[in-house]
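What you are looking at is a predicted structure, and each value in this text was computed from that prediction instead of being measured. Letters A, B, ... are given to chains in the order of the sequence lines, protein chains preceding strands, and every chain is numbered from 1.
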Amino acid sequence: MEEDAGGAMRRLSLSPLTAPRNNSQLPFTPVAASTERERSSDLLDLRNAYVNEKVAPELLDYQGDLVTRVEELIKHQETLLADAEQTPVGELVRLMRAQSLTRARYLLRAYLRTRLLKLERFCVSVLNDPAKLDQLSPAENHCAQDYFYEEGRGVKEAVLQHMPENFQSVLKQHSKLSLEKDIMPAPNLDAYVFVRVLADCGQVAMDAAGDETVELSEGDLLVTRYRGIRDLLRDKWLQLV
Amino acid sequence: MVHLQETDLLFTPAELEFFAEDEEVEIVPNFQLQDLVNDDMLNIAAGTYGPFRPSSITQVPLWMALMLHKRRKCRINPPAWMAAAQLEAVLEGERNRPEKFQALPFHYQEVAHLLFTHAKDSFGGDLVQVQDLVAEVARVRRNKIQAGLRELQSALSAVKLLDLGYMEVNQIRPFFKASLDRFFRLLPLDPERQEAAEAEPTPGQRPPPRQLRRGT
């Protein structure tokens, strides 16, 4: 469980959208909470991570720490749920706790599921790229390899083995004429995405030649090519929407 | 295994409502929550909320407000931006200033829809008027968006959108993506651009036309 040094911001994010109002207490420690309401920053971060993952054309870095914290939060809340009081108000509390848990579980599932879907689609290009492999969780890594193997085997048995000799490869269009593996669906990094700017970035180059620049100020909402903002997204200067 | 469809990368309306339900609203509970361990606060996954005392206002997420309201455990106060007078001012602004959008909460359409469906009594006698106003504001904004979309004529590196709501963003998302993507893919074939590249005046000899590299 991550510990805060009394009130320090624990996030890299500069975002006013994800910064919690009162950061001095983790929301799931049972010691006397402050009498101010306080939103769970982890769930907000998970929501942002999910939206990022859903909108981005490529697989993003796996937010392992965040996922672990949310899993612990869910587990803790489940134990609290079991201890519910049998009074009318206790019943209300139990209901609200259960609903909040359902929402948290949904977010977590949605995040992981979106990543798996992208992994399946771009399986070969991910497995081929060591940098990409680092972005996966161990479970996802395992899953990708299994998926590739099983899918390859299925395609071979059903179709490829019946094809003419030079066309039986899963990865090459033509075994002899293709110089490299060329059946590799890769994400379209030039896809246009909606972006919310979290902090002033100044003039940002939108293409490699640096000819086209855009002024990005905090709070801007814009549509732009993913490739141009890829690094900014990774460093949390902006959020996909 | 079901392969990824285009629609898997879009948000469903149910999901948009899910996000909107995290927005906070004011409620007036009619019950008392006493919990010595937690200082009378409710400590759940989404955070810490309260205190819940009869006839005193507290702020909670919309999903919780609706849940309590359904069980007649609270009254929901409509958000300030949904007052009839406020909405009239917004509508006025939308009509008089066609070049910009009035500032509205990001999830204004979803929140309005949820409240109109599940918490009608929050509005009292103003219900119909507020419903009409929200619908009209949405309609005027939609027209403005359509007009803006018609102006899209070429590949642009970025398009700034001013103060759109999330529902509106998601409505134009497929169109925007498809058209801007298409413009971008057609760029290398644009004769004007090729001529401009070739005709760049430089002192001394003319450099060769710049080869624009596109990603695979």
* Without hydrogens or angle criteria, can the side chains of A:Gln203 and A:Glu215 be said to hold a donor-acceptor pair below 3.5 Å? -> yes
* B:Phe52 ring center within less than 6.0 Å of B:Phe31 ring center -> yes
* Asked: With a 4.0 Å cut-off, would you call A:Glu58 and A:Lys118 a salt bridge?
  -> no
* To do: Please flag which part of A:Leu43 lies under 4.5 Å from any non-hydrogen atom of chain B: side chain, backbone, both or neither.
  => side chain
* Which bit of A:Val214 comes within less than 4.5 Å of chain B, counting heavy atoms only: side chain, backbone, both or neither? -> side chain
* Neighbour count above 12 (heavy atom, 6.0 Å) for B:Arg185 CZ -> no
* Please look at A:Leu95 and chain B and tell me whether the side chain, the backbone, both or neither of the residue comes under 4.5 angstrom of a heavy atom of that chain. => both
* Against chain B, label A:Val193 side chain, backbone, both or neither, depending on which of its atoms sit under 4.5 Å from a heavy atom there. => neither
* Which one of A:Leu107, A:Val70, A:Leu222, A:Asp220 has the most heavy-atom pairs closer than 4.5 Å to chain B? -> A:Leu222
* chain A contact via B:Asp22 - side chain, backbone, both or neither, heavy atoms under 4.5 Å -> both
* Can a salt bridge be assigned to the pair B:Arg142 and B:Glu168 using a cut-off of 4.0 Å between side-chain N and carboxylate O? -> no
* Geometric class of the B:Tyr166/B:His107 ring pair [parallel <30°, tilted 30-60°, perpendicular >60°] -> perpendicular
* Does the pair A:Glu72/A:Lys75 count as a salt bridge with the N-to-O cut at 4.0 Å? -> no
* Looking at A:Val195, A:Leu216, A:Val51, A:Ile74, which has the largest count of heavy-atom pairs under 4.5 Å with chain B? -> A:Val51
* So which part of A:Val55 gets closer than 4.5 Å to some heavy atom of chain B, the side chain, the backbone, both or neither? -> side chain
* To do: Could you tell me which of B:Lys73, B:Gln34, B:Arg173 has the largest number of non-hydrogen atom pairs under 4.5 Å with chain A?
  => B:Arg173
* Asked: Taking every heavy-atom pair that is under 4.5 Å apart, which of B:Asp40, B:Asn170, B:Val60, B:Leu68 has the most such pairs with chain A?
  -> B:Leu68
* Greatest number of heavy atom pairs closer than 4.5 Å to chain A - which of B:Met64, B:Gln32, B:Gln59 -> B:Gln59
* B:Phe18 and A:Tyr106 aromatic ring geometry - parallel, tilted or perpendicular at 30°/60° bounds -> perpendicular
* Asked: By a 4.5 Å heavy-atom criterion (distance strictly below it), what part of A:Tyr50 contacts chain B: side chain, backbone, both, or neither?
  -> side chain
* To do: Using a 4.5 Å cut-off on heavy atoms from C-beta on, say whether the side chain of B:Phe101 contacts that of B:Ile145.
  => yes
* Is it true that the side chains of A:Glu140 and A:Tyr147 contain a donor and an acceptor less than 3.5 Å apart? -> no
* To do: Measure B:Leu42 against the heavy atoms of chain A and call it side chain, backbone, both or neither at under 4.5 Å.
  => side chain
* Asked: What part of A:Arg47 lies closer than 4.5 angstrom to a heavy atom of chain B: side chain, backbone, both or neither?
  -> side chain
* **Residue among A:Arg97, A:Arg103, A:Gln99 with most heavy-atom pairs under 4.5 Å to chain B** => A:Arg103
